[in-house]
Amino acid sequence: MKPIAGVVLAAGDSHRMGRHKALLELGGETFLGRLVRVAGEAGVVPLRVIVGAAHLQVAQAHPEFTPILIVNPEPELGQLASLRLGLTALPAEVDGVLVLLVDHPTVTAATLRALLRARRATGASIIVPVAGGRRGHPVLFGCEI
């Protein structure tokens, strides 16, 4: 069974927040630290984190993530540009990619595992979580997309 990879989009500049969203804290963890931990618990491998201008601060706060950090030199081009960087950094032998947003840090390992199970059970090209009748994040894309 091929693995399902993950890409965390964290390259935005976070002007309104006053500091980078990846480094905001929730329950004693940074948003980014929590997402990486939860993805690991769910079996999302390999994982890549796309960062922008705050890449040095992120690397300083999380030196253990340095091997999975990818710097987007033009984060102003938006999430799609970051996603493209993340996708090109993944090995070809993955079944799909789970796209996680750094500003959605409360996602649980159970939710991620449910998305992985849905992909494997149905083979659907796009898996989107739904809560209360509303679609949300993260979204899983099959490699065929």
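Nearest heavy-atom pair across D95 and R119 is OD2-NE, 2.9 Å. Considering every non-hydrogen atom in both P105 and V102, the closest pair reads CD-O, 3.8 Å. Contact record, F31 with D103: CD2-CA, 4.5 Å, taken as the closest heavy-atom pair. Here the closest non-hydrogen pair linking A109 and V38 is N-CG1, 3.2 Å. Nearest heavy-atom pair, V94 versus A5, reported as atom, atom and distance to 0.1 Å: CG1-CB, 4.0 Å. Summarising the geometry of P75 relative to G52, their closest heavy-atom pair is CG-CA, 4.2 Å, with the distance given to 0.1 Å.
One finds the CD1 atom of I126 at 9.0 Å from the CD atom of E144 (value rounded to the nearest 0.5 Å). The CD atom of E29 sits 9.5 Å away from the CG atom of L35 when rounded to the nearest 0.5 Å. Taking CG from L140 and CG from L98, the interatomic distance works out to 5.0 Å, rounded to the nearest 0.5 Å. Separation of atoms OG (S82) and CG (L9) is listed at 6.0 Å; rounding is to 0.5 Å. If you take CG on N72 and CD on E74, they are separated by 7.0 Å, rounding to the nearest 0.5 Å.
Proximity of P138 to L112: side-chain heavy atoms (C-beta onward) are separated by under 4.5 Å at one or more points. Looking at Q57 and H20, their side chains never come closer than 4.5 Å, going by heavy atoms from C-beta outward. Between L85 and R48 there is no side-chain heavy-atom pair separated by less than 4.5 Å. Side-chain contact between F65 and V36 is present, with heavy atoms from C-beta onward closer than 4.5 Å. Annotation: side chain of V8 is not in contact with side chain of I68 (no heavy-atom distance under 4.5 Å).
Residue E76 qualifies as enclosed at atom CD: its count of foreign heavy atoms under 6.0 Å is above 12. The neighbour count for Q79 CD, taken as heavy atoms of other residues, nucleotides or ligands under 6.0 Å away, does not exceed 12.
L116 and L101 end up in different hydrophobic clusters when Ile, Leu, Val, Met, Phe, Trp and Tyr side chains are linked at under 4.5 Å. By the rule that hydrophobic residues join a cluster once side-chain heavy atoms approach within less than 4.5 Å of another member, I4 and L87 end up as members of separate clusters. Both V51 and L24 belong to a common hydrophobic cluster when Ile, Leu, Val, Met, Phe, Trp and Tyr are linked at side-chain heavy-atom distances under 4.5 angstrom. Cluster annotation: V49 is not connected to L90 through the hydrophobic network of ILVMFWY side chains, with a link wherever side-chain heavy atoms come within less than 4.5 Å. L100 and V45 fall into different hydrophobic clusters, where Ile, Leu, Val, Met, Phe, Trp and Tyr side chains are chained together by heavy-atom contacts under 4.5 Å.
A salt bridge does not link E41 with R34: none of the charged nitrogens is closer than 4.0 Å to a carboxylate oxygen.
A side-chain hydrogen bond (donor to acceptor under 3.5 Å, both in side chains) with T30 is found for exactly one of K21, H62, E25, namely H62.
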